Engineer: 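Would you mind keeping the following structure in view while I ask a few things?
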Protein chains: 2
Amino acid sequence: MAEDTMRDRILDAAESRARQSGYHGFSFRELASDVGIKSASVHYHFPTKAVLAEALTERYAQTALERLGAPEGPLEAFNRVAALFREAVEVEDKMCQCGMFGAERDSLPPEVAAATERYFQRLTELLERAAPKNPAPYRAETILSAFEGALLLVKALDDPSVFDRVVADLRRAY
Amino acid sequence: MAEDTMRDRILDAAESRARQSGYHGFSFRELASDVGIKSASVHYHFPTKAVLAEALTERYAQTALERLGAPEGPLEAFNRVAALFREAVEVEDKMCQCGMFGAERDSLPPEVAAATERYFQRLTELLERAAPKNPAPYRAETILSAFEGALLLVKALDDPSVFDRVVADLRRAY
DNA sequence: GTCTATAATTTGATAGAC
DNA sequence: GTCTATCAAATTATAGAC
């Protein structure tokens, strides 16, 4: 969100809409309107929707992974990931973008599906590196599932407070 | 899936496509093609897409809640819900339909959003009724989050085995 | 109930002027 | 880089014949 190039502003608009409506839920014309240009000009920056969505996913993944860094223990890893997901709920009131694309995966252009998969692979690795087999072998997948699902429940129930309860409950089981 | 009326066949096709691509990811023409009629004939059964999606969500919710019944203890409730979600992964290889619509909620027609919300409210109540404050107050939301998120991770990572690991991990923490 | 035909709008995408 | 203009295809939905 820092850079103010038109390319980034388009990606900002795309991220907002994709996280609310999914890949099939936004159009070039809507993005163009959001940033104050015409849809033909969006195609100058991103030739196809697949290219745009791939760039969007890469940017989202890079930003998230940079913010997480390399936590040293299982608790710090848990807390950092929890803080990251909490921001999606409390600040942006939206799904995780990769969670949205992950759910839609089978109807996504292959390069977008692949970029989405890479994000979750890296997130899983980051968590497992911080908590090797402790307290259980696949705890990383459970934590990610619970967080992604908590965002989903927040939207489905229209109740942001669900997220904090799930995190507290999960922390207790840690 | 039992009744063989055209109405039910259309809903079957809609469910399959909605669980793969979301509300914005399927069209009347595709459904018509799936069941061997023309899109105008789909409109005879469901005047608008919103009406169709609402009926679809009601049917999905009713089927799921009937199958769950009224489990007597927390373990039985956990096992029944786990079995229900497992079927979505192993048999149908698709998202939970209400999970999909829940994620897309803010871009859904209001009646579809409302039907989706009701499903999760009832699921939560069912779990809380079976496990009152045991072992923790909001465990029901955590379990639902983990299951919905596990389906999402299965799709995102294209790895069905994620689901069983998450369930095993969750059961351990029970 | 299903069809043909069609309306009105939107979609992703391209050509070419400036 | 952004525009106007345009395209071919797809979208939800309706009217009316059979």
Side-chain angles (χ1 to χ4, degrees), chain A residues 3-57 59 97 100-101 104-113 115-116, chain B residues 3-57 59 100-101 104-113 115:
Chain A
E3 289 289 335
D4 200 35
T5 66
M6 181 52 76
R7 183 191 154 92
D8 278 312
R9 290 177 56 204
I10 292 169
L11 287 181
D12 290 345
E15 182 181 317
S16 176
R17 290 191 177 268
R19 289 173 63 183
Q20 204 157 79
S21 313
Y23 180 83
H24 306 285
F26 70 92
S27 71
F28 271 57
R29 275 181 165 76
E30 288 171 327
L31 302 186
S33 169
D34 289 342
V35 302
I37 59 177
K38 297 294 177 181
S39 74
S41 304
V42 178
H43 281 280
Y44 168 81
H45 298 278
F46 303 98
T48 67
K49 192 176 182 181
V51 167
L52 185 152
E54 187 189 6
L56 174 61
T57 306
R59 190 186 73 155
Q97 196 243 275
M100 201 64 156
F101 281 4
E104 294 177 298
R105 184 192 176 137
D106 289 343
S107 65
L108 254 35
E111 62 264 49
V112 183
T116 303
Chain B
E3 289 290 336
D4 201 36
T5 66
M6 181 53 77
R7 184 191 154 92
D8 278 312
R9 290 178 57 203
I10 292 169
L11 288 181
D12 289 345
E15 181 181 319
S16 176
R17 289 192 177 268
R19 289 172 63 182
Q20 202 157 81
S21 313
Y23 180 82
H24 307 285
F26 71 92
S27 71
F28 271 54
R29 273 183 165 75
E30 287 170 327
L31 302 186
S33 170
D34 288 342
V35 302
I37 60 176
K38 297 294 177 179
S39 75
S41 304
V42 178
H43 280 280
Y44 168 80
H45 297 278
F46 304 97
T48 67
K49 191 175 181 180
V51 167
L52 187 152
E54 187 189 7
L56 174 62
T57 306
R59 189 186 74 155
M100 201 64 153
F101 281 4
E104 294 178 299
R105 181 189 179 140
D106 289 344
S107 65
L108 252 37
E111 61 265 49
V112 183

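Labels below follow one simple rule: chain letters A, B, ... track the order of the sequence lines, proteins then strands, and each chain is numbered from 1. Bear in mind that the values here come from a model prediction, so they are computed numbers and not experimental data.
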Engineer: Is any side-chain nitrogen or oxygen of B:K38 closer than 4.0 Å to OP1 or OP2 of C:dC3?
Structural biologist: no
Engineer: Mind checking whether B:Y23 and B:F101 have parallel, tilted or perpendicular rings, split at 30° and 60°?
Structural biologist: perpendicular
Engineer: Counting side-chain heavy atoms from CB outward, which of C:dT2, C:dT11, D:dA13 is closest to B:T48?
Structural biologist: D:dA13
Engineer: Counting any heavy atom closer than 4.0 Å, what does B:F26 reach on the DNA or RNA strands: base, sugar-phosphate only, or nothing?
Structural biologist: sugar-phosphate
Engineer: Counting heavy atoms from C-beta on, name the nucleotide in C:dT2, C:dC3, D:dT2 closest to the side chain of B:H45.
Structural biologist: C:dT2
Engineer: Please classify the nucleic acid contact of B:Y44 as base, sugar-phosphate, or nothing, using heavy-atom distances under 4.0 Å.
Structural biologist: base
Engineer: Just how far, in rounded Å, is P of C:dT11 from OH of A:Y23?
Structural biologist: 13 Å
Engineer: Return no unless some side-chain N or O of A:S41 is found under 4.0 Å from OP1 or OP2 of D:dG1.
Structural biologist: no
Engineer: Check whether NZ of the Lys or CZ of the Arg B:K38 lies under 6.0 Å from the centre of the six-membered ring of B:Y44 and within 45 degrees of that ring's axis.
Structural biologist: no
Engineer: Quick one, A:F26 with A:K49, criterion side chain to side chain contact (heavy atoms under 4.5 Å, CB included). Give me CA distance, side-chain angles, the key distance, then yes/no.
Structural biologist: CA-CA 10 Å; A:F26 70 92; A:K49 192 176 182 181; 3.8 Å; yes
Engineer: Specify the closest pair of heavy atoms between B:M100 and B:S21, including all atoms of both residues, with the distance to one decimal.
Structural biologist: CE-C, 3.7 Å
Engineer: Could you give the CG-to-P distance, from A:D8 to D:dG1, as a whole number of Å?
Structural biologist: 12 Å
Engineer: Write down the distance between NZ (A:K49) and P (C:dT10), rounded to a whole number of angstrom.
Structural biologist: 15 Å
Engineer: Round to the nearest Å and state the distance from A:R29 atom CZ to D:dT6 atom P.
Structural biologist: 13 Å
Engineer: Does a salt bridge link B:R19 with A:D106, judged by any charged N lying under 4.0 Å from a carboxylate O?
Structural biologist: no
Engineer: CG of A:L31 versus P of D:dT2: gap in Å, rounded?
Structural biologist: 14 Å
Engineer: For a quick test of reading the model: is some side-chain N or O of A:H43 closer than 4.0 Å to OP1 or OP2 of C:dA15?
Structural biologist: no
Engineer: State which of C:dT11, D:dA13, D:dT4 makes the closest approach to the side chain of B:F28.
Structural biologist: D:dA13
Engineer: It should be established whether B:H24 places a side-chain nitrogen or oxygen under 4.0 Å from OP1 or OP2 of nucleotide D:dT11.
Structural biologist: no
